[in-house]
Structures are given as structure tokens and as C-alpha cells.
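Scope of the values below: all heavy atoms of this structure, side chains included, with no hydrogens, waters or symmetry mates. Here is how names work: the chains are called A, B, and so on, in the same order as the sequence lines, proteins then strands, and each is numbered from 1.
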There are 2 protein chains.
Amino acid sequence: MLNQQPSLDLMFQALADPARRSMVERLSRGPASVSELARPLDMSLPAVMQHLAVLEAGGIVASEKVGRVRTCAIRPEVLSLAEQWINQRRTQWERRLDRLGDFLAAEDEETT
Amino acid sequence: MLNQQPSLDLMFQALADPARRSMVERLSRGPASVSELARPLDMSLPAVMQHLAVLEAGGIVASEKVGRVRTCAIRPEVLSLAEQWINQRRTQWERRLDRLGDFLAAEDEETT
DNA sequence: CAAACACTTAAGCACATACTTGACTATCCA
DNA sequence: TGGATAGTCAAGTATGTGCTTAAGTGTTTG
């Protein structure tokens, strides 16, 4: 299938859980099976599957089943969307601060 | 007060809601009062206060009350932490892909 | 001083999340 | 073929989230 026009809601939601971030962290070092993702997590396999579903719903991760193993991988372009949203708000704020700084400096200049 | 050593959990959690992102978006254009944040949102003031509390718990926003108005502002350094977490996973994945590409290219070179 | 303003608190409710266990289904391998 | 492997489905439960309304508390302002 491999569709996906993911929402920021689901993307950030997916990243808001330590188990899911641990899975992403593992996947950032390369593809992995479900049980590989599960190994370091102190919870049942079904629980891990549910986390995986949340990551897929957020578009952060894609997976494909071959034989009896499901292999998971990161979707970096979606990760990048979340990154960009944050970056845009942050830099807008910081540009505003800079302009304010310039304004205050100019005003100071004027009065001296 | 102004303490804060925020967790990724609470940061991403805070960003995972459209009302809260709308508040951040508004704040990225400069400080605002609670009712200013509430104006475009179709919900009661108490609901907005609860969203604000989530944003503060995540460290994304700080606020201070002067007289009867509470003024809110973005904490860009915290926003930057979330950004960095994503960026690190994404670039790690992409570096891996690059190395893999190099490897395949070299292998191809060898066999021709 | 009284009314309007800008929150703030508390309580309650519907729905969503993060698990669990138990049972089941396909591969794969000896 | 039969057992181990890797994953999946279905329920059930406890806790968390996102609202609401109703009733406050301080702060201006006419």
C-alpha cells in the first residue's frame, strides 16, 4: 500500500511515547523486525504491535511482511515534516526577537 | 519560578493537538494573553487554560501574570530540543542510506 | 463603590490510550 | 509431518485526555 498523507497530530502523537521513540531510535540505525524492536522493551509483543500501528498511522514508519517476518523502516521525509513545523515556529520567533533587538538598538542610537 | 527540564514525552505530547499548535503558531508571532490565544479557538476559556497548562508542562511556553492578564511566550530553546531529537534520528538514517549507496556503487564498480 | 474583565477552580463526563492475557494463524526447518 | 518461530486478533481493564458548566477570585474602570 504505502499511501500516507500524515497529519501533524498523528506524527507528534506517535513521538510522544518513550517506547515508540525507542523504536524509532532503533530504526534510525537500520531496518528491523517487530521482535527486534520489541526486545529492549519491557512489554508484550501485542503491545509493541500497537505502538507500531501508531507509528505507521503517523507515517513515521513503514513496514512490509515477507514470509513470517515484518520488516520496519523509517520514513525520513515524514520525520522531516515534523522537524520543519517546529523549525518554522522557532525561527519566526527568533527573527521577531532580532527585529526587536534592532529596533531597540536604533532607538538607543537615536537618543544618544 | 521559570524552572523546566522538560521531557520529550511532554514536549511532543504538547505539540500533538491542533488547538495547542494553533496557540504556538500565534505565539510565534509574539507574546499574547490567554484570551488572545482563545479568540480563534472554538472552545471555552477553561479548556484553553488546560491546553496552556499542557504547553507549559512541556516547556514549550512560559507565562507570567501581571495585574489580571497572563502573558504567554514561546521558549524557543525547548522547541529546539524537540527539533534536534527528530533531526538526529532522521540524519542518522540518511547517513546510513548514503553509506549503503556508496557500498553498492563500489560493488558495482568492482564487477564492471 | 459597583460593574465589567480576565482569568481560575472544581467537578463531571465521554472517549481515547496503553497495556494485559489467551487463543489463533501462517511460515520455516529438521 | 510436527514443532518452533514470528506475528496477529480479540477482549477486557485501568488510566489519561479534552472538553463542558457553574461558581469563584482578584483587577481595573466608569
| note | Within residues 14-28 of chain B, those residues having any heavy atom closer than 4.0 Å to DNA chain C are none
| remark: Separation of D:dT8 atom P from A:R68 atom CZ, nearest Å, is 13 Å
| Joint hydrophobic cluster, A:L8 plus B:L81, side-chain heavy atoms closer than 4.5 Å | yes
| note | Rounded to the nearest 0.5 angstrom, the CE-CG distance for B:M11 and A:L15 is 10.5 Å
| field | Residues that B:R68 engages under side-chain contact (heavy atoms from CB on, under 4.5 Å), provided they are two or more places apart | value | none
| query | Between B:W93 and B:R96, is there a cation-pi geometry (under 6.0 Å to ring centre, at most 45° from the normal)? | reply | yes
| field | Flag, side chain of B:R20 to backbone of B:Q13, donor-acceptor distance under 3.5 Å | value | yes
| Is the closest side-chain donor-acceptor distance between A:R70 and A:S63 under 3.5 Å? | yes
| request: Report yes if some heavy atom in the side chain of B:L27 is under 4.5 Å from a heavy atom in the side chain of B:L37; otherwise report no. | output: yes
| Which parts of residues 40-52 of chain B get close to DNA chain C, meaning a heavy atom less than 4.0 angstrom away? | B:L45, B:P46, B:M49
| query | Where does the chain B footprint on DNA chain C start and end, counting 5' to 3' with a 4.0 Å heavy-atom cut-off? | reply | C:dA4 to C:dT9
| side-chain contact (heavy atoms from CB on, under 4.5 Å) partners for B:L10, two or more places apart | B:S7
| field | Value rounded to 0.5 Å, distance of CZ in B:R26 from CG in B:L41 | value | 11.5 Å
| message | Counting C-beta onward and ignoring hydrogens, is there a side-chain heavy-atom pair between A:R90 and B:I74 closer than 4.5 Å? | response | no
| task | Mind listing the residues from residues 31-39 of chain A sitting with a heavy atom below 4.0 Å of DNA chain D? Number order is fine. | result | A:S33, A:V34, A:S35
| Pick from A:E94, A:R95, A:Q92, A:R89: which one makes a side-chain hydrogen bond (donor to acceptor under 3.5 Å, both in side chains) with B:S28? | A:Q92
| query | Is any side-chain heavy atom of A:M43 less than 4.5 Å from a side-chain heavy atom of A:H51? | reply | yes
